[in-house]
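Below you'll find the structure, written out as C-alpha coordinates, and then a few comments.
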Amino acid sequence: MKLIFIRHGDPNYEIDGLTDKGKVEAQLLAKQIKNLSIDEVFVSPLGRARATADYSLKELNLTATTCDWLREFPAEFDANIADDETKRAYKTELRKDENNGIYHKRILWDMLPSYYGDHPELFDVIGWRDSDLVKASDMITKYDNVIQNFDALLSDHGYKRDGLIYKTDNGNDKTLAFFCHFGITGVLLSHLWNVSPFVPLQFLATAPTSVTEVVTEEREKGIVTFRTLRVGDTTHLSMGGEKPSFSARFCEKFENMDERH
(Lines give C-alpha, C1' and ligand atoms only; values in the text may rest on other atoms or scores of the structure.)
Protein backbone atom coordinates (compact mmCIF):
# COMPACT_ATOMS: atom_id res chain seq x y z
CA MET A 1 0.00 0.00 0.00
CA LYS A 2 1.14 3.50 -0.74
CA LEU A 3 0.44 6.69 1.25
CA ILE A 4 0.65 10.08 -0.46
CA PHE A 5 0.72 13.18 1.77
CA ILE A 6 0.02 16.42 -0.09
CA ARG A 7 0.37 19.80 1.56
CA HIS A 8 -2.18 22.48 0.67
CA GLY A 9 -1.28 25.26 -1.74
CA ASP A 10 0.20 28.61 -0.75
CA PRO A 11 -2.17 29.70 2.03
CA ASN A 12 -4.17 32.79 2.77
CA TYR A 13 -4.60 32.11 6.48
CA GLU A 14 -6.93 35.08 7.01
CA ILE A 15 -9.65 33.45 4.92
CA ASP A 16 -8.42 29.85 5.35
CA GLY A 17 -8.07 29.57 1.60
CA LEU A 18 -5.48 29.85 -1.13
CA THR A 19 -3.60 32.82 -2.48
CA ASP A 20 -3.55 33.34 -6.25
CA LYS A 21 -0.20 31.56 -6.24
CA GLY A 22 -1.69 28.73 -4.23
CA LYS A 23 -4.42 28.27 -6.82
CA VAL A 24 -1.82 28.02 -9.58
CA GLU A 25 0.12 25.46 -7.51
CA ALA A 26 -3.03 23.38 -6.97
CA GLN A 27 -3.84 23.49 -10.68
CA LEU A 28 -0.34 22.34 -11.62
CA LEU A 29 -0.60 19.50 -9.12
CA ALA A 30 -3.94 18.47 -10.60
CA LYS A 31 -2.39 18.25 -14.09
CA GLN A 32 -0.06 15.51 -12.82
CA ILE A 33 -2.27 13.89 -10.19
CA LYS A 34 -3.37 10.94 -12.34
CA ASN A 35 0.25 9.77 -12.47
CA LEU A 36 -0.05 8.89 -8.77
CA SER A 37 -2.78 6.26 -9.42
CA ILE A 38 -4.74 7.30 -6.35
CA ASP A 39 -7.57 5.03 -5.18
CA GLU A 40 -8.91 6.88 -2.12
CA VAL A 41 -8.64 10.47 -0.93
CA PHE A 42 -8.79 11.84 2.60
CA VAL A 43 -8.82 15.56 3.31
CA SER A 44 -8.47 17.96 6.21
CA PRO A 45 -11.63 19.94 7.07
CA LEU A 46 -9.73 23.23 6.75
CA GLY A 47 -10.49 25.39 3.73
CA ARG A 48 -6.97 25.64 2.30
CA ALA A 49 -6.65 21.85 2.14
CA ARG A 50 -10.12 21.34 0.70
CA ALA A 51 -9.55 24.04 -1.93
CA THR A 52 -6.31 22.34 -2.97
CA ALA A 53 -7.93 18.91 -3.15
CA ASP A 54 -10.85 20.14 -5.25
CA TYR A 55 -8.72 20.62 -8.36
CA SER A 56 -7.28 17.10 -8.13
CA LEU A 57 -10.58 15.45 -7.23
CA LYS A 58 -12.09 16.74 -10.47
CA GLU A 59 -9.23 15.20 -12.46
CA LEU A 60 -9.47 11.92 -10.55
CA ASN A 61 -13.27 11.83 -10.62
CA LEU A 62 -13.21 10.89 -6.94
CA THR A 63 -14.83 12.18 -3.79
CA ALA A 64 -12.86 12.70 -0.59
CA THR A 65 -13.48 11.59 2.97
CA THR A 66 -13.08 14.52 5.36
CA CYS A 67 -11.18 13.61 8.54
CA ASP A 68 -11.17 16.09 11.40
CA TRP A 69 -7.90 14.62 12.73
CA LEU A 70 -6.16 15.65 9.48
CA ARG A 71 -6.51 19.36 10.33
CA GLU A 72 -3.27 21.21 11.03
CA PHE A 73 -1.75 19.73 14.19
CA PRO A 74 -3.58 21.71 16.90
CA ALA A 75 -1.32 21.27 19.95
CA GLU A 76 -0.90 24.56 21.86
CA PHE A 77 1.64 25.82 24.36
CA ASP A 78 0.24 27.52 27.48
CA ALA A 79 2.76 30.01 28.87
CA ASN A 80 0.53 30.55 31.89
CA ILE A 81 1.57 27.18 33.32
CA ALA A 82 5.18 27.20 32.10
CA ASP A 83 8.34 28.26 33.94
CA ASP A 84 10.65 30.99 32.66
CA GLU A 85 13.07 28.55 31.06
CA THR A 86 10.31 26.92 29.03
CA LYS A 87 8.89 30.28 27.96
CA ARG A 88 12.29 30.88 26.39
CA ALA A 89 11.23 28.54 23.61
CA TYR A 90 9.25 31.43 22.15
CA LYS A 91 10.96 34.51 23.65
CA THR A 92 9.24 37.72 22.50
CA GLU A 93 6.65 35.85 20.43
CA LEU A 94 4.46 35.27 23.49
CA ARG A 95 1.47 37.61 23.74
CA LYS A 96 -0.65 38.66 26.73
CA ASP A 97 -4.25 39.73 26.82
CA GLU A 98 -4.30 43.49 27.41
CA ASN A 99 -7.25 43.25 29.79
CA ASN A 100 -6.31 40.42 32.13
CA GLY A 101 -2.59 39.87 31.51
CA ILE A 102 -3.09 36.19 30.65
CA TYR A 103 -0.85 34.75 27.97
CA HIS A 104 -2.49 33.74 24.72
CA LYS A 105 -1.94 30.11 23.79
CA ARG A 106 0.17 29.55 20.70
CA ILE A 107 1.15 26.80 18.30
CA LEU A 108 3.50 24.47 20.13
CA TRP A 109 5.96 23.21 17.56
CA ASP A 110 7.05 26.59 16.18
CA MET A 111 9.84 27.03 18.75
CA LEU A 112 13.26 28.67 18.58
CA PRO A 113 16.46 26.67 17.94
CA SER A 114 18.22 28.34 20.87
CA TYR A 115 15.74 26.55 23.15
CA TYR A 116 15.65 23.07 21.65
CA GLY A 117 19.44 23.19 21.30
CA ASP A 118 19.54 23.05 25.10
CA HIS A 119 16.80 20.44 25.41
CA PRO A 120 17.72 17.23 23.56
CA GLU A 121 14.96 15.38 25.41
CA LEU A 122 12.57 16.82 22.83
CA PHE A 123 14.14 14.58 20.21
CA ASP A 124 14.06 11.40 22.26
CA VAL A 125 11.46 8.96 20.94
CA ILE A 126 10.04 8.53 24.45
CA GLY A 127 11.50 11.43 26.44
CA TRP A 128 9.66 14.15 24.51
CA ARG A 129 6.48 13.23 26.36
CA ASP A 130 8.02 14.13 29.72
CA SER A 131 9.64 17.37 28.57
CA ASP A 132 8.71 20.62 30.32
CA LEU A 133 7.61 22.09 27.01
CA VAL A 134 5.11 19.32 26.35
CA LYS A 135 3.88 19.37 29.97
CA ALA A 136 2.94 23.03 29.46
CA SER A 137 0.69 22.07 26.54
CA ASP A 138 -2.07 19.76 25.37
CA MET A 139 0.26 17.98 22.93
CA ILE A 140 0.07 14.45 24.30
CA THR A 141 -3.72 14.36 24.13
CA LYS A 142 -3.74 15.85 20.63
CA TYR A 143 -0.90 13.65 19.39
CA ASP A 144 -2.41 10.44 20.72
CA ASN A 145 -5.79 11.29 19.19
CA VAL A 146 -4.23 11.82 15.76
CA ILE A 147 -2.21 8.60 15.95
CA GLN A 148 -5.17 6.57 17.17
CA ASN A 149 -7.27 7.73 14.21
CA PHE A 150 -4.46 7.23 11.73
CA ASP A 151 -3.78 3.70 12.93
CA ALA A 152 -7.50 2.92 12.82
CA LEU A 153 -7.57 3.96 9.16
CA LEU A 154 -4.52 1.81 8.38
CA SER A 155 -6.12 -1.09 10.25
CA ASP A 156 -9.26 -0.71 8.16
CA HIS A 157 -7.01 -1.18 5.13
CA GLY A 158 -5.38 -4.32 6.49
CA TYR A 159 -2.39 -3.01 8.44
CA LYS A 160 -2.59 -3.25 12.23
CA ARG A 161 -0.03 -1.52 14.49
CA ASP A 162 1.93 -3.87 16.74
CA GLY A 163 4.60 -2.03 18.71
CA LEU A 164 7.10 -0.54 16.28
CA ILE A 165 5.77 -2.39 13.24
CA TYR A 166 2.51 -3.26 11.50
CA LYS A 167 1.09 -6.70 10.85
CA THR A 168 -1.15 -7.81 8.02
CA ASP A 169 -3.05 -10.90 6.98
CA ASN A 170 -4.25 -9.32 3.78
CA GLY A 171 -2.12 -6.48 2.38
CA ASN A 172 -3.15 -4.49 -0.64
CA ASP A 173 -1.79 -2.36 -3.49
CA LYS A 174 -4.02 0.67 -2.94
CA THR A 175 -2.78 4.25 -2.99
CA LEU A 176 -4.28 6.54 -0.34
CA ALA A 177 -3.88 10.30 -0.68
CA PHE A 178 -4.08 12.76 2.21
CA PHE A 179 -4.57 16.45 1.41
CA CYS A 180 -3.54 18.17 4.61
CA HIS A 181 -0.81 20.33 6.20
CA PHE A 182 2.88 20.43 7.03
CA GLY A 183 2.51 19.97 10.79
CA ILE A 184 0.12 17.05 10.71
CA THR A 185 2.22 15.36 8.03
CA GLY A 186 5.25 15.70 10.29
CA VAL A 187 3.33 14.07 13.14
CA LEU A 188 2.19 11.16 10.98
CA LEU A 189 5.69 10.64 9.58
CA SER A 190 7.11 10.59 13.10
CA HIS A 191 4.79 7.71 13.94
CA LEU A 192 5.70 5.74 10.82
CA TRP A 193 9.41 6.44 11.40
CA ASN A 194 9.25 5.66 15.15
CA VAL A 195 10.89 8.95 16.13
CA SER A 196 9.94 11.95 18.24
CA PRO A 197 7.47 14.22 16.40
CA PHE A 198 9.85 17.11 16.99
CA VAL A 199 12.35 15.55 14.57
CA PRO A 200 10.30 16.15 11.39
CA LEU A 201 8.59 19.24 12.83
CA GLN A 202 11.93 21.00 13.34
CA PHE A 203 14.07 19.57 10.56
CA LEU A 204 11.71 19.23 7.61
CA ALA A 205 9.94 21.86 5.55
CA THR A 206 7.57 20.76 2.81
CA ALA A 207 6.53 23.39 0.28
CA PRO A 208 2.87 24.03 -0.57
CA THR A 209 1.37 21.29 -2.81
CA SER A 210 4.50 19.17 -2.34
CA VAL A 211 4.13 15.39 -2.47
CA THR A 212 5.49 13.01 0.17
CA GLU A 213 5.33 9.31 -0.70
CA VAL A 214 5.46 6.40 1.75
CA VAL A 215 5.10 2.71 0.86
CA THR A 216 4.70 -0.52 2.77
CA GLU A 217 7.62 -2.91 2.92
CA GLU A 218 6.92 -6.58 3.75
CA ARG A 219 10.31 -8.29 3.91
CA GLU A 220 8.86 -10.93 6.21
CA LYS A 221 5.45 -12.41 5.58
CA GLY A 222 2.84 -10.46 7.51
CA ILE A 223 5.33 -8.02 9.08
CA VAL A 224 5.18 -4.53 7.61
CA THR A 225 7.09 -1.30 7.93
CA PHE A 226 6.65 1.93 5.98
CA ARG A 227 9.53 3.22 3.85
CA THR A 228 9.60 6.85 2.70
CA LEU A 229 10.49 7.22 -0.98
CA ARG A 230 10.32 11.00 -1.34
CA VAL A 231 9.60 13.99 0.85
CA GLY A 232 8.33 17.39 -0.29
CA ASP A 233 8.55 16.70 -4.04
CA THR A 234 7.60 19.74 -6.15
CA THR A 235 8.31 18.33 -9.61
CA HIS A 236 4.85 19.34 -10.77
CA LEU A 237 5.72 22.99 -10.02
CA SER A 238 9.01 22.78 -11.88
CA MET A 239 7.22 21.30 -14.89
CA GLY A 240 4.87 24.27 -14.86
CA GLY A 241 7.61 26.86 -14.42
CA GLU A 242 6.33 27.81 -10.96
CA LYS A 243 8.75 28.50 -8.13
CA PRO A 244 7.82 26.78 -4.83
CA SER A 245 6.36 29.03 -2.15
CA PHE A 246 8.49 29.98 0.87
CA SER A 247 5.62 29.14 3.20
CA ALA A 248 6.62 26.97 6.23
CA ARG A 249 10.23 28.09 5.95
CA PHE A 250 12.27 30.73 7.80
CA CYS A 251 15.02 33.04 6.56
CA GLU A 252 18.14 31.32 5.20
CA LYS A 253 20.25 34.15 6.59
CA PHE A 254 19.14 36.43 9.42
CA GLU A 255 19.98 39.45 7.26
CA ASN A 256 17.40 38.37 4.63
CA MET A 257 14.69 40.72 5.85
CA ASP A 258 12.41 39.85 2.91
CA GLU A 259 12.15 36.31 4.24
CA ARG A 260 10.15 35.11 7.25
CA HIS A 261 11.90 35.46 10.63
Side-chain angles (χ1 to χ4, degrees), residues 1-74 146 149-150 153-154 156-157 172-189 192 200-201 204-216 226-249 260:
M1 190 169 69
K2 184 179 296 182
L3 310 178
I4 304 290
F5 300 100
I6 301 172
R7 190 185 173 201
H8 58 74
D10 188 56
N12 181 334
Y13 289 114
E14 292 185 1
I15 63 169
D16 188 23
L18 301 178
T19 64
D20 289 341
K21 179 175 177 59
K23 294 174 184 178
V24 171
E25 293 169 340
Q27 291 165 359
L28 291 173
L29 172 67
K31 287 183 178 181
Q32 304 298 326
I33 199 70
K34 288 184 178 179
N35 294 330
L36 298 178
S37 301
I38 293 169
D39 296 296
E40 297 180 39
V41 178
F42 302 89
V43 64
S44 158
L46 300 184
R48 53 194 184 273
R50 289 188 290 105
T52 302
D54 283 346
Y55 293 98
S56 290
L57 289 170
K58 290 176 183 177
E59 292 293 327
L60 295 169
N61 194 29
L62 292 174
T63 57
T65 299
T66 300
C67 301
D68 188 69
W69 55 270
L70 271 180
R71 68 175 54 244
E72 184 54 295
F73 187 52
V146 167
N149 280 281
F150 183 51
L153 186 150
L154 295 181
D156 288 343
H157 287 80
N172 66 75
D173 296 313
K174 284 187 175 182
T175 297
L176 313 183
F178 301 84
F179 284 81
C180 49
H181 314 265
F182 165 67
I184 193 65
T185 298
V187 166
L188 297 177
L189 289 176
L192 296 176
L201 288 173
L204 287 182
T206 58
T209 68
S210 64
V211 176
T212 295
E213 182 178 8
V214 183
V215 297
T216 54
F226 284 85
R227 186 67 67 96
T228 304
L229 301 186
R230 53 178 168 157
V231 177
D233 189 349
T234 55
T235 300
H236 58 282
L237 298 182
S238 300
M239 293 175 66
E242 186 74 13
K243 185 177 180 180
S245 167
F246 203 78
S247 179
R249 297 180 58 196
R260 180 185 177 205

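No experiment lies behind these values; they were computed from the predicted model shown.
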**Message:** Quick check for you: to the nearest 0.5 Å, what is the distance between H8 atom NE2 and C180 atom SG?
**Reply:** 8.5 Å
**Message:** Are L153 and F178 packed together at the side-chain level, in the sense that at least one heavy-atom pair is separated by less than 4.5 angstrom?
**Reply:** yes
**Request:** Kindly state each residue pair satisfying side chain to side chain donor-acceptor pair (under 3.5 Å) with at least one member in residues 50-67, sequence neighbours excluded.
**Result:** none
**Prompt:** V215 and L229: side-chain contact (heavy atoms from CB on, under 4.5 Å), yes or no, with the steps?
**Reply:** CA-CA 7 Å; V215 297; L229 301 186; 3.7 Å; yes
**Request:** Could you label the plane-to-plane angle of the F5 and F150 rings as parallel, tilted or perpendicular, counting under 30° as parallel and over 60° as perpendicular?
**Result:** tilted
**Fill in**
Across all chains, not counting sequence neighbours, the salt bridge (Lys or Arg N to Asp or Glu O under 4.0 Å) partners of K23 are none
**Residue pair K2, E213: steps toward the side-chain contact (heavy atoms from CB on, under 4.5 Å) verdict** = CA-CA 7 Å; K2 184 179 296 182; E213 182 178 8; 3.1 Å; yes
**Item:** Min side-chain heavy-atom separation T228-L192 under 4.5 Å
**Value:** no
**Least distance between heavy atoms, M1 atom then L3 atom** = CE-CD2, 4.0 Å
**Asked** So with a 6.0 Å cut-off around CZ of R230, is the heavy-atom count from everything else above 12?
**Response** yes
**Item:** Intermediate values then yes/no, side-chain contact (heavy atoms from CB on, under 4.5 Å), F226 and L188
**Value:** CA-CA 11 Å; F226 284 85; L188 297 177; over 6 Å; no
**Prompt:** Does T234 reach the main-chain N or O of L237 with its side chain, forming a donor-acceptor pair under 3.5 Å?
**Reply:** no
**Prompt:** Looking just at side-chain N and O atoms, do H157 and E40 make a donor-acceptor pair shorter than 3.5 Å?
**Reply:** yes
**Item:** Min side-chain heavy-atom separation I184-V146 under 4.5 Å
**Value:** yes
**Asked** Closest heavy-atom contact between D39 and D173?
**Response** OD2-O, 4.2 Å
**Atom pair CD (Q32) and CD (Q27), whose distance is rounded to the nearest 0.5 Å** = 13.5 Å
**Complete:** Heavy-atom nearest pair, F182 first then A205, reads CE1-CA, 3.9 Å
**Prompt:** Got L60 and I33 here, is their nearest side-chain heavy-atom distance under 4.5 Å?
**Reply:** yes
**Asked** Roughly how far, to the nearest 0.5 Å, is OG1 of T212 from CZ of R7?
**Response** 10.5 Å
**Item:** Over all atoms of both residues, closest heavy-atom pair of L46 and E72
**Value:** CD1-N, 3.8 Å
**Asked** Can you list the steps and then say if L189 with L204 is a side-chain contact (heavy atoms from CB on, under 4.5 Å)?
**Response** CA-CA 11 Å; L189 289 176; L204 287 182; 4.2 Å; yes
**Complete:** When every non-hydrogen atom of G9 is compared with those of T209, the smallest separation belongs to CA-CG2, 3.5 Å
**Item:** Spacing of CG belonging to N149 relative to CG belonging to L70, to within rounding of 0.5 Å
**Value:** 9.0 Å
**Request:** Would you give the length of the straight line joining atom OG of S210 to atom NE2 of H236, rounded to the nearest 0.5 angstrom?
**Result:** 7.0 Å
**Request:** Applying salt bridge (Lys or Arg N to Asp or Glu O under 4.0 Å), name anything that partners D16, two or more places apart in sequence or on another chain.
**Result:** R48
**Message:** Measuring only between side-chain heavy atoms, which start at C-beta, is L18 closer than 4.5 Å to N12?
**Reply:** no
**Request:** Report the distance from atom CD1 of I6 to atom OG1 of T206, rounding to the nearest 0.5 Å.
**Result:** 11.5 Å
**Item:** Heavy-atom pair of closest approach, residues D10 and S247
**Value:** OD1-CB, 3.8 Å
